Amino acid sequence: EVQLVESGGGLVQAGGSLRLSCAASGFTFDDYTIGWFRQAPGKEREGVSCISRSDGSTNYKESVKGRFTISSDNAKNTVYLQMNSLKPEDTAVYYCAAEFYPIVPGELDPDEYDSWGQGTQVTVSA
């Protein structure tokens, strides 16, 4: 059974940085994508960034480009989301998720993802 566990959330002032981690386990195959998503109160869950396990290609939501960086340490089965220049509008619960056997590269539609972590809260104060 695939399990994903997020960590690294917290409270930070605007302009600050946080690094989220997603520890993955239970995979018996290498063809998957790990994505980071977020959901603010009263809003729909949205894709933030994703990275392919097979070739390391990445994709980002437009509003985080240049501020967020996704990376992976395959030896540790961990994916990171480095978030810099944080803004109050980045406040949300952040989730990591896995898309098994991805068809569309760089998919950020949460409906295409198969397994989810429990989420970690990120709060950015003004």
Side-chain angles (χ1 to χ4, degrees):
E1 179 185 1
V2 171
Q3 289 191 326
L4 302 168
V5 180
E6 303 96 334
S7 60
L11 173 63
V12 64
Q13 289 187 333
S17 298
L18 283 173
R19 189 178 79 157
L20 305 183
S21 299
C22 173
S25 62
F27 283 100
T28 59
F29 51 92
D30 288 337
D31 190 9
Y32 59 89
T33 294
I34 297 292
W36 282 101
F37 299 82
R38 65 188 183 188
Q39 187 166 21
K43 295 188 177 181
E44 291 188 354
R45 191 170 297 188
E46 61 179 6
V48 175
S49 183
C50 65
I51 186 166
S52 167
R53 162 79 186 202
S54 59
D55 65 9
S57 58
T58 61
N59 191 26
Y60 295 90
K61 175 182 172 62
E62 192 65 33
S63 64
V64 307
K65 286 181 179 178
R67 299 190 299 123
F68 291 9
T69 303
I70 193 169
S71 62
S72 65
D73 184 335
N74 290 342
K76 296 182 177 180
N77 289 322
T78 300
V79 172
Y80 304 98
L81 186 68
Q82 178 67 43
M83 305 186 296
N84 299 329
S85 302
L86 282 162
K87 305 175 181 180
E89 51 263 43
D90 295 317
T91 295
V93 178
Y94 282 70
Y95 301 87
C96 68
E99 181 190 16
F100 305 156
Y101 304 106
I103 297 174
V104 176
E107 180 64 71
L108 289 178
D109 181 350
D111 290 339
E112 298 301 320
Y113 282 71
D114 302 288
S115 182
W116 291 80
Q118 82 288 351
T120 185
Q121 176 70 46
V122 171
T123 303
V124 184
S125 62

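Remember, predicted model here, so these are calculated numbers, not experimental data.
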Cys50 vs Tyr113, side-chain contact (heavy atoms from CB on, under 4.5 Å): CA-CA, chis, key distance, verdict: CA-CA 11 Å; Cys50 65; Tyr113 282 71; 3.5 Å; yes
Applying side-chain contact (heavy atoms from CB on, under 4.5 Å) to Met83 and Arg67, what does each step give before you reach the verdict? CA-CA 6 Å; Met83 305 186 296; Arg67 299 190 299 123; over 6 Å; no
Are Phe68 and Asp90 close enough, and set up right, to give a side-chain contact (heavy atoms from CB on, under 4.5 Å), and what steps lead you there? CA-CA 11 Å; Phe68 291 9; Asp90 295 317; 3.9 Å; yes
Step by step, would you call Glu112 with Ile103 a side-chain contact (heavy atoms from CB on, under 4.5 Å)? CA-CA 10 Å; Glu112 298 301 320; Ile103 297 174; over 6 Å; no
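Rounded to the nearest 0.5 angstrom, Ile34 CD1 and Leu81 CG are separated by 12.5 Å. Residue Thr33 holds its OG1 atom at 10.0 Å from CG of Asp114, rounded to the nearest 0.5 Å. With values rounded to the nearest 0.5 angstrom, Arg38 atom CZ is found 13.0 Å from Arg45 atom CZ. Taken from OG in Ser63 to CD in Glu89, the straight-line distance is 8.5 Å, to the nearest 0.5 Å. The line from CD of Glu107 to CD of Glu99 is 5.5 Å long, rounded to the nearest 0.5 Å.
Pairing each heavy atom of Lys43 with each of Gln39, the nearest pair is O-NE2, 3.1 Å. In this structure, Leu4 and Gln118 approach most closely via the heavy-atom pair O-OE1, 3.7 Å. Scanning all heavy atoms of the two residues, the minimum distance from Ser115 to Phe100 falls at CB-CZ, 3.9 Å.
Residues Tyr60 and Tyr94 share a hydrophobic cluster, clusters being chains of Ile/Leu/Val/Met/Phe/Trp/Tyr side chains in contact below 4.5 Å. Using a 4.5 Å cut-off between side-chain heavy atoms of Ile, Leu, Val, Met, Phe, Trp and Tyr, with links allowed through other members, Tyr80 and Val122 fall into different hydrophobic clusters. Tyr32 and Val2 fall within a single hydrophobic cluster, where Ile, Leu, Val, Met, Phe, Trp and Tyr side chains are chained together by heavy-atom contacts under 4.5 Å.
Aromatic rings from Phe37 and Trp116 are positioned such that their centres are separated by under 6.0 Å.
At least one donor-acceptor pair closer than 3.5 Å links the side chain of Glu6 to the backbone N or O of Gly119. At distances below 3.5 Å, at least one donor-acceptor pair connects side-chain atoms of Ser52 with backbone N or O atoms of Ser54.
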Please table the atom pairs, donor to acceptor, closer than 3.5 Å between any side-chain atom in residues 9-30 and protein atoms at least two apart or in another chain.
from	atom 1	to	atom 2	distance (Å)
Ser17	OG	Asn84	OD1	2.9

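Partner of Trp36 under the side chain to side chain contact (heavy atoms under 4.5 Å, CB included) criterion, chosen from Val64, Val79, Ile51: Val79.
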